[in-house]
Amino acid sequence: MKNFIKYISFACASVFALSACNDDEDIIQLDPSTFVAPVVEAPTSNSIVLLEENAASTAMTFKWSAANYGVNTPPKYELEIDLAGNNFENAKTVTSTSATTADVTVKELNLISTDLGLEPFKEGELEYRVVSTVGTPGSQPLISNVYSLNVTPYPTDLSTNWGIVGSATPNGWDGPDVPFWKTETPNVFVAYTTLKDGDIKFRQDNKWELDYGGTNGKLEKGGENIAVKAGTYKVTIDLTNLTYKLEDYSWGLVGDATANGWEGPDEKLSYDGSIDSWVITTTLKDGEYKFRLNNDPNYAVNFGGSGIEGILKEGGDNIKIKAGKYKIIANFTKKTYSVEAQ
């Protein structure tokens, strides 16, 4: 009887249910004895040395066969990686997808490897598998075979010795400077900061031995101060092509759980290049929230819940939370987030 009820619920949760769950219609009971788990097809074994200069390149492509639950609803798959022998107790979810393939970049695999504790420049052994579900998040998972992967990561420090200085910065012309962080492209650095009306320049090592100013997006060694208006910006400099760009850019929390509600203005997150993520510590009320870009009332770019704890979805559901003080960390590239009570 318990199994009967379980699989009635399972069938009702399917987006494309084969039969509606009510007293007037027949109910389809799924038969778990016919379920077919996904099977990892590639790579079946591999050793890879990750290089920072290849951060944007695909490290490897994972492929697996489709799971079969006996319904037309496409399953959702999670590619999980953990330290070898850890029985996936601290597994990192690399991707959550309805496809049967996933490209993982060098940067993504490197971050996962170091997060799991592998030492830079030293080979370590990981294991990976695919877990499928269909319907509600609590539905029966089907787990693939497990393969090992030997990875040699590089250090994940994104810090640089370049910064923004000027009357428009929080610390003025005396510094310390607003830090730039590495990107996937060599000699292209990015900073995220709130500026005042004023001027800025870019300099190395918080000193004036090497600095750049400029006009109209072009950098010039020792050049003119760059005038800016008050705002929150993403600042990019390209020291190979000697260009710079300032864009309005901020991530914030919005929702009835926040101090300003759904109308905003949003509670701003700060970028932390040491973990390549956006962070906020704030007091929230009982309610819901989402992440949105640039305080945009049209929600053109926003992230919410995916139905899987810790996994974000673009345009996803509101995230429920109880009143309290929290530290929230979000990575909008990996589509992950964490919430820690303070």
Closest contact, heavy atoms only, Ser144 versus Val40 | OG-CG2, 3.5 Å
Taking atom NZ of Lys285 as the centre, report whether more than 12 heavy atoms of other residues, nucleotides or ligands fall under 6.0 Å from it.
-> yes
Minimum heavy-atom distance Ala330-Leu312, with the two atoms named | CB-CD1, 4.4 Å
With a cut-off of 6.0 Å (strictly less than), are more than 12 heavy atoms of other residues, nucleotides or ligands near CD of Glu263?
-> no
Distance-only, no hydrogens or angles: does the Thr240 side chain make a donor-acceptor pair with backbone N or O of Asn187 under 3.5 Å?
-> no
Flag the pair Phe189 / Phe202 as yes when their ring centroid distance falls below 6.0 Å, and as no otherwise.
-> no
dist Lys334:NZ -> Asp276:CG (nearest 0.5 Å) comes out at 8.0 Å
Report yes or no: do Asp82 and Asn90 form a side-chain donor-acceptor pair below 3.5 Å?
-> no
To the nearest 0.5 Å, atom CG of Leu284 lies from atom NZ of Lys322 at 13.5 Å
Provide the full list of side chain to side chain donor-acceptor pair (under 3.5 Å) pairs with a residue in residues 164-180, sequence neighbours left out, each pair given once.
-> Asp177-Arg203
Locate the shortest heavy-atom distance separating Val130 from Pro38; write the atom from each residue and the value.
-> O-CG, 3.9 Å
Please test Trp262 against Asn318 for side chain to side chain contact (heavy atoms under 4.5 Å, CB included), starting from the C-alpha separation and ending with a verdict.
-> CA-CA 11 Å; Trp262 288 107; Asn318 300 340; 3.6 Å; yes
Distance in Å, Asp238 CG paired with Thr185 OG1, rounded so as to fall on 0.5 Å steps = 8.0 Å
Take atom CD in Glu224; do more than 12 heavy atoms of anything else shown fall under 6.0 Å from it?
-> no
Interatomic distance, Asp248 atom CG to Lys234 atom NZ [nearest 0.5 angstrom] | 12.5 Å
Residue of the set Trp251, Phe303, Phe332 for which ring-ring contact (aromatic ring centres under 6.0 Å, His included) holds with Phe291 = Phe332
Does one hydrophobic cluster hold both Leu116 and Val131, with members joined at side-chain heavy-atom distances below 4.5 Å?
-> no
Mind checking what makes salt bridge (charged side-chain N to carboxylate O under 4.0 Å, His left out) contact with Asp286, not counting sequence neighbours?
-> none
Does the ring center of Tyr192 lie less than 6.0 Å from the ring center of Trp278?
-> yes
Minimum-distance pair of heavy atoms, taken over all atoms of Trp162 and Gln204 | NE1-NE2, 3.5 Å
Tyr271 OH to Leu158 CG distance, which is reported to the nearest 0.5 Å | 5.0 Å
If you take all heavy atoms of Pro176 and Asn206, which pair is closest and at what distance?
-> CA-OD1, 3.5 Å
Is a side-chain N or O of Asp197 found less than 3.5 angstrom from the main chain of Ala230, in a donor-acceptor match?
-> yes
Shortest non-hydrogen separation from Leu142 to Asn68 and the atoms involved = CD1-O, 4.3 Å
